A.B. asks: 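Here's a structure for you.
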Amino acid sequence: MFKKLSAALLASVFALAACAADRQGDPASAPAAGSAVDPAAEQVVRAALKKLAPGVQIDQIASSPLPGFYQVIASGQLVYVSTDGKYMVNGDVVDLGAKENLSERAWASFRKAELAKVPASQRIVFAPPHPKYTVTVFSDVNCGYCRMFHSHIKQFNDEGIAVEYLAWPREGVTDTAGAPTDTYKEMVSVWCAADRKAAFTAAKQGKTPTSAECPNPVKDEFDLGVKLGVTGTPMVLGPDGMVLGGYVTPDKLLKLLEKGG
């Protein structure tokens, strides 16, 4: 899921994703447990990124496997910035000995922690009585692959897999004129329905949900998806926060979960 971007393009991505940051503020960084981040160096790194992309939301600054660099998660991107603020590396760090993608592992840890903050009441859950595994899926009610994925929901449950949906309208929350997008309004109606599971399934079958409004988490879940690097739907995340794919069949998803992702 990592993109090899030029500095200019990365700045543009930061700037676009920072729209949500302008609304939410720039929280203090939360280094990973056990990491040592020098406060002075952190401020240098933070200032360098702000200069590159004013308004960028910096969610985490932590130590990294690269000597002289900090690992930074900001506006849906994971990058490495030198402690003197002069260099930025955008790409995967791979432990050749362990044959492990350390960047993806860092992303997974961050996603897991952020997803744990989402209450069960804000998810639409399809689960068997005693699930063996639970996955989180960022989904849109109108995308073709999302509909294909949900068409197998009984098979997922039969395999012992609980599916917890979060809202991610691909059109975004508002259009260029600032008006709510049609998909956003449909997803709000689903989340506000008396029977959300039935409304969700009906929408996946192409039936327009009955218009409804209420306090709902759709915008917050969309912003969370941006923060976690979601760029399309469906996005399936395992219990450990690892990306297991987009559209995956029940048998393939079960094999991935059995292998630990």
Side-chain angles (χ1 to χ4, degrees), residues 1-22 24-117 136 138 223-232 235 237-245 260-261:
M1 64 175 291
F2 296 95
K3 300 178 178 67
K4 311 304 178 186
L5 302 174
S6 66
L9 182 54
L10 185 60
S12 298
V13 172
F14 275 150
L16 288 172
C19 293
D22 292 338
Q24 299 172 356
D26 183 13
S29 63
S35 64
V37 177
D38 177 72
E42 177 184 348
Q43 290 305 312
V44 171
V45 169
R46 188 177 293 273
L49 286 174
K50 292 288 187 179
K51 183 177 180 180
L52 173 66
V56 65
Q57 178 178 332
I58 300 172
D59 295 303
Q60 185 184 85
I61 297 177
S63 60
S64 85
L66 294 178
F69 282 79
Y70 282 150
Q71 173 187 287
V72 181
I73 293 178
S75 295
Q77 299 285 315
L78 187 150
V79 297
Y80 300 90
V81 180
S82 61
T83 55
D84 60 8
K86 292 183 178 180
Y87 304 100
M88 180 174 73
V89 176
N90 178 46
D92 296 355
V93 172
V94 178
D95 183 328
L96 296 179
K99 297 181 180 179
E100 180 182 9
N101 186 326
L102 300 182
S103 299
E104 181 56 28
R105 179 57 59 188
W107 253 128
S109 177
F110 180 71
R111 292 191 203 102
K112 181 180 179 180
E114 292 299 311
L115 290 172
K117 300 174 185 177
T136 300
F138 281 92
D223 289 343
L224 175 62
V226 173
K227 181 177 181 178
L228 300 186
V230 177
T231 57
M235 181 173 178
L237 302 173
D240 58 356
M242 293 290 283
V243 176
L244 300 181

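All of these numbers come straight from a predicted model, not from anything done at the bench.
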A.B. asks: Considering all heavy atoms of both residues, which atom of Ala74 and which atom of Val56 are nearest to each other, and what is their separation?
C.D. replies: CB-CG2, 3.9 Å

A.B. asks: How close do Pro54 and Lys51 get, heavy atom to heavy atom, and via which atoms?
C.D. replies: CD-O, 4.0 Å

A.B. asks: Check the pair Lys227 / Ile73 against side-chain contact (heavy atoms from CB on, under 4.5 Å), numbers first and verdict last.
C.D. replies: CA-CA 9 Å; Lys227 181 177 181 178; Ile73 293 178; over 6 Å; no

A.B. asks: Take Glu104 and Asp92 through the test side-chain contact (heavy atoms from CB on, under 4.5 Å) and record every step on the way to the result.
C.D. replies: CA-CA 8 Å; Glu104 181 56 28; Asp92 296 355; over 6 Å; no

A.B. asks: Just how far is it from atom CD of Glu42 to atom OG1 of Thr83, taken to the nearest 0.5 Å?
C.D. replies: 12.5 Å

A.B. asks: Under a 4.5 Å cut-off applied to non-hydrogen side-chain atoms, are Val72 and Arg46 in contact?
C.D. replies: no

A.B. asks: Which atom names give the shortest non-hydrogen contact between Phe69 and Tyr87, and what distance separates them?
C.D. replies: CE2-O, 3.9 Å

A.B. asks: Considering non-hydrogen atoms only, spot the tightest contact between Gly85 and Ala48 and give its length.
C.D. replies: O-CB, 3.6 Å

A.B. asks: Which pair of non-hydrogen atoms, one from Val37 and one from Ser63, has the smallest distance, and what is that distance?
C.D. replies: CG2-N, 4.0 Å

A.B. asks: Apply side-chain contact (heavy atoms from CB on, under 4.5 Å) to Leu115 and Leu228, showing your working.
C.D. replies: CA-CA 9 Å; Leu115 290 172; Leu228 300 186; 4.0 Å; yes

A.B. asks: If you measure from CG on Asp38 to CD on Gln43, what distance do you get to the nearest 0.5 Å?
C.D. replies: 10.0 Å

A.B. asks: Rounded to the nearest 0.5 Å, what separates atom NZ in Lys112 from atom CG in Leu237?
C.D. replies: 12.5 Å

A.B. asks: Is it true that Arg111 and Glu114 have a side-chain N and a carboxylate O under 4.0 angstrom from each other?
C.D. replies: no

A.B. asks: Which distance, rounded to the nearest 0.5 Å, do you find between the CG of Asp59 and the CZ of Phe110?
C.D. replies: 4.5 Å

A.B. asks: Nearest 0.5 angstrom please: Met242 CE to Trp107 CH2, how far?
C.D. replies: 13.0 Å

A.B. asks: Could you tell me whether the side chain of Tyr70 reaches within less than 4.5 Å of the side chain of Ser64, counting heavy atoms only?
C.D. replies: no

A.B. asks: Over all heavy atoms of both residues, which pair between Ser103 and Tyr80 is shortest? Give the atoms and the distance, please.
C.D. replies: OG-OH, 2.6 Å

